[in-house]
Number of protein chains: 2
Amino acid sequence: MNPAQEQHPKIRSTAEAQRQRIVAEAVPVFARAGYHATPVTEVAEAAGVSPAYVFRLFPGKLGLFVATVEHCYESVRRALVEGGESTGEAAPDTVLDAMSEAYIQLIGDRDLLMLQVHAQSACDVPEIRQAVRRGLKDIVTTVSETSGADAASVQRFFAYGQLCHLIVQADLSAVDAPWAKTLSDGIRHADDITPKEV
Amino acid sequence: MNPAQEQHPKIRSTAEAQRQRIVAEAVPVFARAGYHATPVTEVAEAAGVSPAYVFRLFPGKLGLFVATVEHCYESVRRALVEGGESTGEAAPDTVLDAMSEAYIQLIGDRDLLMLQVHAQSACDVPEIRQAVRRGLKDIVTTVSETSGADAASVQRFFAYGQLCHLIVQADLSAVDAPWAKTLSDGIRHADDITPKEV
DNA sequence: ACAGTTACTGATTAGTCAGTCACTTAAATA
DNA sequence: TATTTAAGTGACTGACTAATCAGTAACTGT
């Protein structure tokens, strides 16, 4: 039921344009509480359309979530490429460092990090697991090729990336204690304006 | 109506004993799909009691989950201590390596790893976030003190620990591709009997 | 002008699940 | 034995939510 729709860009909003818009709006919504804890209604509301229409545009909540996750991975990938290319033709480890820095910058708007985390933890749903694998595959490949670093360095890159996820999830920036500093040292981003919690 | 009882069906246990038993039974149940996607009924069924009784023993589903998460962190902590102490009085990095090995062993029964993951991703619920922080605090402290390693090494330990989580979540052992090997190299556990998926 | 297509919604349904309550049964104690 | 206390459950409810459908409004080509 999806014949050719890309010709000249129409002024009126097409179904495809709405799909993309809704997916973009869905990122922060799903990023808050994840797949299972986020009703489609919330996404619809954020996008300013009726829930019924979301179900018409996507094959169920699952389809919507998968599309959102794919969008998220693609955004992350682009951010990494940009960060890496900003160094020009440098040594592999230098490029990798620049990519790390780019990833740390993403902590700024937590959404992309959190959505990945939620996608990962919903991996018991086969479609989501496959989306996660596809996204990981793209990012691992991109990082490897763009940086030219060896496997061990790439692995280290992802290990510390996952550590970022933990720090964001538990909001360790808000914890003022030695153990929290141990985990987030060097990763902590500049915007530590968050009030202190216990 | 619940045949899953022990030898003497007459004897009753105390509420406290049941609480502990139910928490232990809850670990693998919550480990499958996480907090939001797991109905209390499933836990009750696994423990061989009625859902109503679970609600009587715990302050709501949230209380049950928090108790389960705490139990999980304590198990992990003990496993790490055991692994670390098996080296006797060795150099910090040696102890840390032994702990890493102990953690990798935990991949064997995925449950403890997955429950941590689900707890982390449910951190938008304040009570869960605080439980995660308490658990992390204990483990970071234990690892630091038991190994005597410096902060950077401890941070690295947790970074690769989080990488383990990703590997287990997406079940990368079942993926036979270069990018998957890059991520799981050296972490892959011996039991790679899982059939290959795409 | 009109017919046909496409965007979009209100109303509804069927199912799930957290939590409660009145109740039964078993042990402890007097 | 009688009374009290604690373990444990069936049967409900009220709230929520994924998904559907019949329909209306807006745009398009002819």
Side-chain angles (χ1 to χ4, degrees), chain A residues 1-23 25-26 29-30 32-68 122 124-125 127-128, chain B residues 1-23 25-26 29-30 32-68 118 122 124-128:
Chain A
M1 280 310 182
N2 250 332
Q5 45 227 4
E6 68 228 86
Q7 282 289 6
H8 278 278
K10 311 277 177 152
I11 295 170
R12 190 166 178 282
S13 89
T14 70
E16 186 49 38
Q18 287 287 56
R19 253 185 284 264
Q20 288 180 265
R21 210 177 55 82
I22 291 170
V23 160
E25 299 278 6
V29 180
F30 276 125
R32 272 198 276 282
Y35 175 64
H36 294 292
T38 306
V40 174
T41 312
E42 260 182 58
V43 176
E45 203 170 337
V49 296
S50 72
Y53 192 46
V54 176
F55 280 104
R56 164 152 271 189
L57 290 180
F58 294 89
K61 181 185 179 181
L62 183 53
L64 168 64
F65 186 73
V66 167
T68 307
D124 56 293
V125 181
E127 288 88 344
I128 297 179
Chain B
M1 311 311 170
N2 253 321
Q5 282 288 33
E6 50 268 53
Q7 298 95 330
H8 300 288
K10 305 265 179 161
I11 59 163
R12 289 185 175 190
S13 46
T14 69
E16 187 49 37
Q18 286 288 56
R19 252 186 286 264
Q20 287 181 265
R21 212 177 54 81
I22 291 172
V23 160
E25 299 278 7
V29 181
F30 277 126
R32 272 197 276 281
Y35 176 65
H36 294 292
T38 305
V40 174
T41 313
E42 262 181 56
V43 175
E45 203 170 337
V49 295
S50 71
Y53 192 44
V54 175
F55 280 104
R56 171 151 209 165
L57 289 180
F58 295 89
K61 182 185 180 181
L62 183 53
L64 169 63
F65 186 73
V66 167
T68 308
H118 284 130
D124 56 293
V125 181
E127 288 88 346
I128 297 179

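Atom set for the values below is all heavy atoms of this structure, side chains included, hydrogens, waters and symmetry mates excluded. So you know, we letter chains A, B, ... as the sequences are listed, proteins then strands, and number each from 1.
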Within the pair B:Gln18 and D:dG8, is there a side-chain N or O less than 4.0 Å away from OP1 or OP2? yes

Nearest-nucleotide comparison on DNA chain D, the residue closer to the 5′ end among B:Glu16 and A:Pro51: B:Glu16

Output the single nucleotide from D:dA18, D:dG10, C:dT20 whose closest atom is nearest the side chain of B:Ser50. D:dG10

Just call it for B:Ala15: base, sugar-phosphate, or nothing, with non-hydrogen atoms closer than 4.0 Å on any strand. sugar-phosphate

Between CZ of B:Arg21 and C1' of D:dA7 the distance, given in whole Å, is 13 Å

Can you list every pair that meets ring-ring contact (aromatic ring centres under 6.0 Å, His included) and has a residue in residues 35-57 of chain A, with sequence neighbours left out? A:Tyr35-A:Phe65

If I take atom CG in residue A:Leu57 and atom P in nucleotide D:dA19, what distance separates them, rounded to the nearest angstrom? 14 Å

Separation of C:dT9 P from A:Glu45 CD (nearest whole Å): 13 Å

Can you tell me if A:Ser13 touches the phosphate of D:dA26, counting only side-chain N or O atoms and a distance under 4.0 Å to OP1 or OP2? no

Please report the distance, rounded to the nearest Å, between CZ in B:Phe55 and P in C:dG19. 5 Å

Using atom CG of A:Leu62 as one end and atom C1' of D:dA19 as the other, report the distance to the nearest whole Å. 14 Å

Taking the side chain of A:Ala52 as heavy atoms from C-beta outward, which of D:dG8, D:dC21, C:dA18 is closest to it? D:dC21

Quick one: A:Tyr53 OH to C:dT6 P, roughly how many Å, whole number? 12 Å

Integer-rounded Å distance: C:dA18 C1' and B:Arg56 CZ: 17 Å

